[in-house]
Amino acid sequence: MFKGILVTKGDAGYRAALQEIDDAVLPDGEVKVSVEWSTLNYKDGLAITGKSPVVRRFPMVPGIDFSGAVVESTHAAWKPGDQVILNGWGVGETHCGGLAEVARVKGDWLVALPKELTARQSMEIGTAGYTAMLCVMALEKHGVKPMDGEVLVTGASGGVGSVAIALLSKLGYTVVASTGRTSEAPYLKGLGASAVIDRSELAGPGKPLAKERWAAVVDCVGSHTLANACAATRYGGAVAACGLAGGMDFPASVAPFILRGITLYGIDSVMAPIGLRQQAWTRLASDLDLSKLVAMTHAIGLSEVVQVATDLLAGKVRGRVVVDVHRA
Ligand code: NDP
């Protein structure tokens with residue numbers, strides 16, 4: 001038996017609660033991990049509250065990411081004691097996840113914890129930070145350079161947004177943060193944003209083309225925000241779309257694509273190939289100012305997870321939440 005959050009669905013409805021979980025609940029996998037830290041991402045909020053059908057099998061341990069130490073392995077790449085990270089692959093959705101003391105997963109899903117990071121820091125970064133890195137790597141691959149101009153980050157106070165700002169500013173980009181919480185301007189500037197705009201500027205229906213402003217964009221919000229970001233992206237610029245915090249729709253026109261040659265990159269962290277993950281984690285270990293993680297993170301125990309998941313979906317959580325799975 002081990003402690004964890006279990007999501008069940010039955011006559012009593014959809015329920016997530018901290019409880020003792022039987023080992024038999026764990027799915028097949030070559031590697032058993034003693035989880036040290038997990039996190040709460042937006043998707044975990046959806047899974048825990050049942051607000052969207054993220055969980056596809058019941059009972060389910062939610063938690064799309066974790067870090068910890070291997071305790072048993074029949075996979076050639078891993079042996080007991082190895083420190084590992086897991087992000088995505090349907091963990092916490094179709095395969096029991098990280099919000100528990102123990103997880104069992106496929107060995108091919110794991111990434112070695114970079115030696116520059118502690119297990120806790122890796123989850124302070126978490127899937128949100130790894131996704132932010134994938135966004136930044138897509139913009140770099142496109143050829144966006146700091147001298148090209150301002151980079152917009154939407155959903156700035158959230159997990160992906162916060163890490164994206166810290167990464168981009170450390171890499172020398174001029175970052176403009178779009179947020180619904182302008183009271184968080186000091187926090188966002190502390191992370192490296194040079195200016196903060198109110199998200200209402202981007203939230204409504206806009207024109208097919210707006211004045212060219214952004215050299216590039218990291219968008220966590222979707223819907224009109226993404227459409228407006230594309231409309232104001234400069235000739236030849238790039239937009240990395242990773243989120244839907246404002247909606248899944250994309251009410252845009254082709255104008256920015258065919259008249260300004262802009263490129264829209266879709267960013268997926270869940271099924272990203274292992275090589276790209278390793279590259280992203282290596283870059284996070286070297287390119288993120290780890291001292292910024294302190295300002296953007298707070299730690300909770302398992303007993304607080306259900307409440308904080310609700311707060312997260314309500315947009316009340318700033319930055320990143322890490323979960324100490326050994327703290328009640
Ligand atoms: P958070 O909840 O931490 O942050 C989301 C932020 O979006 C909020 O803090 C808020 O920022 C803003 N926001 C919330 N609601 C709205 C709204 N209705 N309209 C406009 N802005 C809103 O989530 P994460 O940072 O973890 O994730 C961000 C998005 O990225 C989510 O949609 C998530 O599902 C997605 N995601 C996708 C991944 C992928 O692989 N593609 C991986 C990880 C996340 P503010 O208060 O500053 O406005």
Side-chain angles (χ1 to χ4, degrees), residues 38-49 51-52 54 63-65 87-93 123-138 152-167 175-189 191 193 196-204 217-229 239-250 264-273 276-277 280 296-298 308-323:
S38 187
T39 76
L40 281 185
N41 297 279
Y42 191 84
K43 195 186 260 180
D44 299 317
L46 296 175
I48 290 164
T49 59
K51 201 173 161 196
S52 282
V54 167
I64 63 168
D65 49 11
N87 304 104
W89 297 115
V91 166
E93 302 177 60
M123 285 300 106
E124 288 176 348
I125 295 167
T127 292
Y130 144 65
T131 303
M133 190 75 242
L134 292 178
C135 291
V136 171
M137 285 161 55
L152 172 69
V153 175
T154 66
S157 312
V160 178
S162 293
V163 180
I165 293 167
L167 280 169
V175 185
V176 176
S178 166
T179 180
R181 293 177 266 180
T182 43
S183 57
E184 294 291 0
Y187 162 74
L188 296 167
K189 289 188 172 167
L191 293 180
V196 176
I197 62 171
D198 193 313
R199 78 181 186 206
S200 60
E201 286 183 33
L202 300 165
V217 179
V218 173
D219 179 60
C220 303
V221 173
S223 193
H224 290 296
T225 301
L226 176 57
N228 288 325
V239 177
C242 72
L244 44 58
M248 212 187 212
D249 58 334
F250 182 35
L264 179 58
Y265 290 96
I267 304 299
D268 171 54
S269 67
V270 180
M271 302 308 286
L276 190 63
R277 289 164 188 263
M296 71 172 89
T297 307
H298 76 278
V308 177
T310 306
D311 295 344
L312 188 106
L313 291 191
K316 292 183 191 161
V317 172
R318 183 177 91 175
R320 302 276 304 130
V321 180
V322 279
V323 182

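Atoms within a ligand are numbered from 1 in the order they appear, just like the ligands themselves.
Close approach to C220 involves these atoms of ligand 1, each under 4.0 Å from a residue heavy atom: 28 (C), 29 (C), 32 (O). If you number the atoms of ligand 1 from 1 as listed, the ones under 4.0 Å from a heavy atom of G180 come out as 45 (P), 46 (O), 47 (O), 48 (O). Ligand-side atoms of ligand 1 in range of G246: 17 (C), 18 (N), 19 (N), range being under 4.0 angstrom from any heavy atom. Near I267, with a cut-off below 4.0 Å to any heavy atom, the atoms of ligand 1 are 39 (C), 40 (O), 41 (N). Atom numbering of ligand 1 starts at 1 in the shown order; those under 4.0 Å from a heavy atom of G155 are 6 (C), 7 (O), 11 (O), 12 (C), 47 (O). Near G243, the atoms of ligand 1 lying under 4.0 angstrom from a non-hydrogen atom of the residue are 29 (C), 30 (O), 32 (O), 35 (C). Taking a cut-off of under 4.0 Å to the non-hydrogen atoms of G158, the atoms of ligand 1 that pass are 1 (P), 3 (O), 4 (O), 9 (O), 25 (O).
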Discussion item. The test is side-chain contact (heavy atoms from CB on, under 4.5 Å); show your working for K43 and T127 and say whether it passes.
Written reply: CA-CA 10 Å; K43 195 186 260 180; T127 292; over 6 Å; no
Worksheet item: How far apart are the C-alpha atoms of S38 and D65, what are their side-chain angles, what is the distance that settles it, and do they pass the side-chain contact (heavy atoms from CB on, under 4.5 Å) test?
Response: CA-CA 6 Å; S38 187; D65 49 11; 4.3 Å; yes
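Under a 3.5 Å cut-off, the side chain of D44 and the backbone N or O of I64 do form a donor-acceptor pair. A donor-acceptor pair is defined here as one N or O able to donate and one able to accept, closer than 3.5 Å; such a pair exists between the side chain of R320 and the backbone of M123. Checked by atom type and distance alone, the side chain of T39 never pairs as donor or acceptor with a backbone atom of V321 at under 3.5 Å. In this structure, R199 contributes its side chain and R181 its backbone to no donor-acceptor pair below 3.5 Å.
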If you look only at distance, which donor and acceptor atoms sit under 3.5 Å apart when one is on a side chain in residues 239-248 and the other is two or more places apart or in another chain?
none

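Between E93 and V54 the shortest heavy-atom distance is CB-O, 3.4 Å. The minimum heavy-atom distance between G319 and S162, with the atom names listed, is CA-OG, 3.7 Å.
Considering backbone and side-chain atoms alike, G315 places every N or O at 3.5 Å or more from each N or O of ligand 1. Some N or O of R199 is nearer than 3.5 Å to an N or O of ligand 1, by distance alone.
At least one heavy atom of C242 sits less than 4.0 Å from an atom of ligand 1.
Evaluated by nearest non-hydrogen atom to atom 45 (P) of ligand 1, the leading choice among D311, L188, V317, T179 is T179. Across S269, A156, A245, heavy-atom proximity to atom 16 (C) of ligand 1 is greatest for A245. Among R318, K43, R181, the residue whose heavy atom lies nearest to atom 9 (O) of ligand 1 is R181.
Nearest protein heavy-atom neighbour of atom 27 (O) of ligand 1: V160 CG2, 3.6 Å. Scanning the protein for heavy atoms near atom 3 (O) of ligand 1, the closest one is G159 N, 2.9 Å. Looking at atom 23 (O) of ligand 1, its nearest protein heavy atom turns out to be Y42 CB, 3.4 Å. Annotation: atom 32 (O) of ligand 1 to nearest protein heavy atom, L244 N, 2.9 Å.
Under 4.0 Å from ligand 1, the heavy atoms of T131 that appear belong solely to its side chain. In V221, the part holding a heavy atom less than 4.0 Å from any atom of ligand 1 is the side chain. Contacts of T225 with ligand 1, taken as heavy-atom pairs under 4.0 Å, are absent altogether.
In this view, D219 and T154 satisfy the side-chain hydrogen bond (donor to acceptor under 3.5 Å, both in side chains) rule, not counting sequence neighbours.
Among D311, V322, V308, V317, the single residue meeting the side-chain contact (heavy atoms from CB on, under 4.5 Å) criterion with L40 is V308. Evaluated for a side-chain contact (heavy atoms from CB on, under 4.5 Å) with L226, the options V221, V217, L264 yield exactly one hit, L264.
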